[in-house]
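The structure appears right after this line, and notes come after that.
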Amino acid sequence: MSRDETDALKKRIEELEEENQTLSKIIFKAPIPIFVLDKNHKITHFNQALEELTGFKSKGMVGTNSQWKAFYANKRPVMADLMIAKSSDWEILEHYDYKYDLGISSNELFAATDFFPDLPPEGKWLFFTAAPFTDSKGEITGAVETLQDVTEEKIQERKINELYRIYRNILEFIPYPIIVYDERGLVSYVNPAFTTTFGWTLEKLFGKPLPFVPDFLEAETHDILNKFQADKKLGRYETKRLTQDGKILDVVIWAASQTRFKENKTENFVILRNITEEKRVAANNKTIMRISAALPEYTDLEELMDYITQEIKELLNTEGAVVLLYDEIKEDLFFLGASYDDSDTQERAREFRFTLDEVFAGKVMKTGQAEVVNDTEFLLKAYPERDKKLGYQTRNIMGVPIRSDGRIIGVLCAINKKINHFDDNDMELMTMIGGTAAISIENARFSDALKESYRDVASLNRAKGKAINHLSHELKTPVAILTGSLQILRKKLSNLPNVKVDATLNRIERNLSRIVDIQNETADIMEDKTYAARVLLLKMLEACQDELETLVENALQGNNFDPNHLSESVRNLIDKEFGHRSQHHKTIDFSRAFQELYQAISPLFHFRRIQINIDIQEALPPLLMPPDVLNKVMEGLVKNAIENTPDQGRINISAHPRDKGILFRVHDFGVGIETDDQKRIFEGFFTTQETLLYSTKTPFDFNAGGKGADLLRMKLFSDRLGFTIKINSKRCCYLVENKAEACPGDILKCQFCTCQEDCLTSGHTLFSVFFPNEP
């Protein structure tokens with residue numbers, strides 16, 4: 001080698017050494033922690049940033065294979081070691097599990113994020129990458145590894161994840177349906193309340209558009225979405241939405257849009273509230289109020305029924321609604337009221353009558369149960385005559401019976417619901433309206449009957465007035481003639497000697513004067529006959545209206561009333577209802593009679609929490625008396641005791657033989673009766689409660705109330721049949737001493753009782769009935 005070549009080589013070596021030193025300085029001063037390993041896994045570079053990160057100095061690390069000490073407490077390969085060793089995927093997984101970043105990692109580069117607990121001061125999160133480098137032959141001669149402290153980012157990420165978890169839990173428990181969807185309208189989240197309300201689950205909707213907008217609202221919804229995209233929010237918006245099974249719900253919607261800047265994605269957050277039930281209840285209440293308020297305005301029953309069916313048609317959104325009444329004589333149904341979208345069908349309906357087997361309403365009449373049919377084919381096959389006569393196809397129908405006084409007088413029907421099917425809510429409303437219709441129908445019938453009765457009474461009164469007036473005038477002339485003739489006779493006889501007729505004539509004159517006075521009084525009365533008759537009839541009607549209505553109604557049902565013979569019919573009704581009733585005495589086993597009665601009435605007070613002790617002896621003497629009277633007395637006393645005893649209280653019922661008879665006692669430890677009230681307790685229609693506290697509740701409920709006639713009836717029975725009834729009572733001392741207005745009805749809620757015994761000793765009522773075993 002020549003000298004020139006040698007000098008050139010030395011110069012090149014010096015340049016490479018200078019470049020190497022420059023590179024080393026660059027690596028050492030680089031702001032990113034870096035270390036380099038050679039093919040023997042020894043550290044060739046350990047820069048200043050890495051010193052600051054790990055706390056280890058470069059001088060102590062370079063030239064060693066202790067790179068693991070900078071990161072781990074125990075010896076193990078670092079990522080650069082694995083790169084130099086050409087480790088397999090399984091070897092990498094053994095050390096780093098799935099912490100490496102698959103999006104970055106490859107055969108030339110490896111990246112991962114991990115927590116290093118041994119790094120000062122309390123461990124650190126590092127994002128690190130490693131890459132091998134090769135010589136001119138492609139052989140790996142070492143590896144370089146860079147690290148980045150991402151502890152703060154990880155802390156923030158954890159906080160964000162925790163907040164996300166909290167928000168997610170909140171969304172899970174919010175009772176209102178929630179939807180989250182992206183700018184393309186694809187669903188990314190729905191909460192459980194949404195699934196409960198609309199039926200769709202997140203699994204079925206994720207990444208898909210939500211198909212819950214009804215067809216007839218698509219244009220409106222499109223306009224609202226455009227406005228929402230412009231404003232980025234939507235205030236309270238009321239509309240309708242579909243459920244998974246096709247049912248339409250009334251909903252209120254709120255929505256907001258937000259952009260996630262990190263991902264540059266827009267999310268739309270929607271909250272819904274189902275107001276279907278609220279709107280239904282409000283509409284129902286308004287309808288009932290409108291119908292109730294309209295009742296006095298419709299004097300014609302058909303017009304009123306037309307109004308009611310129109311209200312039903314609009315409220316339930318149906319094509320039609322009808323009222324059919326049952327003709328008991330012809331045993332068929334006829335339309336009393338009808339409302340249809342098609343006016344021709346509405347007019348035709350009034351022309352036809354149907355047998356019970358020809359129409360769906362007939363089934364309701366027979367069973368007495370509300371019915372719903374949403375099957376078009378079934379209706380067509382079961383009732384072909386109806387649609388054939390009306391020229392109308394029934395797709396679905398609901399009918400409820402119209403009841404009056406325990407009998408079914410007709411059927412209320414709604415036909416062809418336009419949206420959804422008929423459901424329980426529709427049936428509930430129809431049942432309420434059916435009760436209103438029943439009242440209206442019966443009131444109209446009573447009104448017609450009373451009008452006819454009044455016309456008959458007025459006719460009779462006019463005939464009576466004419467007769468009395470005629471007799472008065474007819475009597476006036478002969479009386480006047482007799483009076484005048486008597487005066488003439490007195491004068492003629494007074495001229496006859498020895499004729500003593502003064503006493504006789506005076507007697508005749510006195511009686512004629514009485515007849516004259518009667519005639520004058522009758523004439524005076526008849527001058528004001530119209531007014532007097534009207535006042536009398538009105539007072540009679542006011543006093544007897546309720547009872548007459550009941551009598552006439554019951555009689556009409558049994559065909560026992562003849563309007564052409566009003567006076568005789570009413571007299572027969574009164575004799576039948578209120579005349580003397582024969583009592584059929586039977587020999588009664590008291591123990592068995594009480595047991596049967598108690599079993600029959602027990603379900604009526606099962607909701608009361610009262611301890612009832614029963615001591616009815618088996619060997620009791622037989623009683624000879626009407627069974628219905630005994631049952632009424634026993635039931636009345638038990639009912640009275642339960643209604644006056646608070647929950648958690650006690651009642652003792654006993655029956656023992658006593659002096660050739662039976663002593664029956666009902667002893668309740670309830671609120672008791674005031675001393676003054678006990679004197680009038682058997683007078684009837686008398687209540688021991690204060691007027692302001694009195695209310696009629698469910699029978700057997702505490703303070704249920706009543707008309708006060710039970711004890712009067714028992715007293716009348718006792719007077720008639722010869723048994724005795726007595727009362728002994730003490731008013732609850734807490735109500736007397738503290739002047740409390742009322743007992744709360746439950747010992748546990750009483751502010752004065754600390755235990756059951758306090759209540760049991762505070763007041764009581766004991767009814768004792770002695771039944772002799774001989775009538």
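For the atom pair CD of Q648 and CG of L748, the computed distance is 4.5 Å after rounding to the nearest 0.5 Å. Between the CD1 atom in I409 and the OG atom in S404 there is a gap of 5.0 Å [rounded to 0.5 Å]. The distance from atom CG of D615 to atom CD1 of I653, rounded to the nearest 0.5 Å, is 10.5 Å. Rounding to the nearest 0.5 Å gives a distance of 12.0 Å between CG of D758 and CZ of F752. In this structure, CG in L620 is found 7.5 Å from CD1 in I616, a value given to the nearest 0.5 Å. Taken to the nearest 0.5 Å, the CG atom of N644 stands 6.5 Å off from the CD1 atom of I673.
Not a single donor-acceptor pair under 3.5 Å links the side chain of R609 to the backbone N or O of D647. At least one donor-acceptor pair closer than 3.5 Å links the side chain of S591 to the backbone N or O of Q617. Although no hydrogens or angles enter the test, the distance criterion places no donor-acceptor pair under 3.5 Å between the side chain of Q599 and the main chain of E596.
Between Q611 and N613, the side chains place a donor N or O and an acceptor N or O closer than 3.5 Å (distance only, hydrogens not considered).
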query: What do the steps show when you test I662 against H656 for side chain to side chain contact (heavy atoms under 4.5 Å, CB included), and what is the final call?
result: CA-CA 6 Å; I662 298 174; H656 300 87; over 6 Å; no
task: Walk me through it: do M430 and F422 pass the test side chain to side chain contact (heavy atoms under 4.5 Å, CB included)?
output: CA-CA 11 Å; M430 284 276 284; F422 289 113; over 6 Å; no
task: Please step through side chain to side chain contact (heavy atoms under 4.5 Å, CB included) for the pair Q369 and V364, ending with a clear verdict.
output: CA-CA 6 Å; Q369 301 294 324; V364 178; over 6 Å; no
task: Check the pair V372 / M427 against side chain to side chain contact (heavy atoms under 4.5 Å, CB included), numbers first and verdict last.
output: CA-CA 8 Å; V372 172; M427 187 175 293; 3.2 Å; yes
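When side chains are defined from C-beta on, V373 counts as touching F360, because their heavy atoms get closer than 4.5 Å. Looking at L356 and D332, their side chains never come closer than 4.5 Å, going by heavy atoms from C-beta outward. A 4.5 Å side-chain heavy-atom check between K660 and P772 finds every atom pair outside the cut-off. Side-chain contact between V769 and L663: absent, with no pair of heavy atoms (C-beta onward) separated by less than 4.5 Å. For the pair V411 and Y326, the minimum side-chain heavy-atom distance is 4.5 Å or more. Taking 4.5 Å as the limit, every side-chain heavy atom of R731 sits out of range of all side-chain heavy atoms of C733. Side-chain contact check for D424 versus E428: every heavy-atom pair is 4.5 Å or farther apart. At least one side-chain heavy atom of I433 sits under 4.5 Å from a side-chain heavy atom of I312.
Here F664 and F767 keep their ring centres 6.0 angstrom or further from each other.
With salt bridges taken as basic N to acidic carboxylate O contacts below 4.0 Å, one links E328 and R407. With respect to R650 and D668, no salt bridge is recorded, no charged nitrogen being found less than 4.0 Å from a carboxylate O. Comment: R353 engages D327 in a salt bridge, judged by a side-chain N to carboxylate O separation of less than 4.0 angstrom. Using a cutoff of 4.0 Å between basic side-chain nitrogens and carboxylate oxygens, D357 and K366 are scored as salt-bridged.
Applying the ring pair (Phe, Tyr, Trp, His ring centres under 6.0 Å) criterion to F334, with sequence neighbours excluded, gives no partner residue.
Scanning all heavy atoms of the two residues, the minimum distance from P646 to I610 falls at O-CG1, 4.0 Å. Contact between L735 and C743 at its shortest, heavy atoms only, is CD2-N, 4.0 Å. Smallest separation of non-hydrogen atoms from A361 and L324: CB-CD1, 4.2 Å. For the residue pair G368 and I408, the shortest heavy atom distance occurs at CA-CD1, 3.3 Å. Scanning both residues, L333 and G362, for their nearest heavy atoms gives CD1-N, 3.9 Å. Minimum heavy-atom separation, I588 to A593: CG2-CB, 3.8 Å.
Ring geometry for F700 against F605 counts as tilted: the plane angle lies between 30° and 60°, on a 0 to 90° scale. Note: F723 and F771 have tilted aromatic rings, judged against thresholds of 30 and 60 degrees for the angle between ring planes.
Within a 6.0 Å radius of CZ in R665, no more than 12 heavy atoms belonging to other residues, nucleotides or ligands are found.
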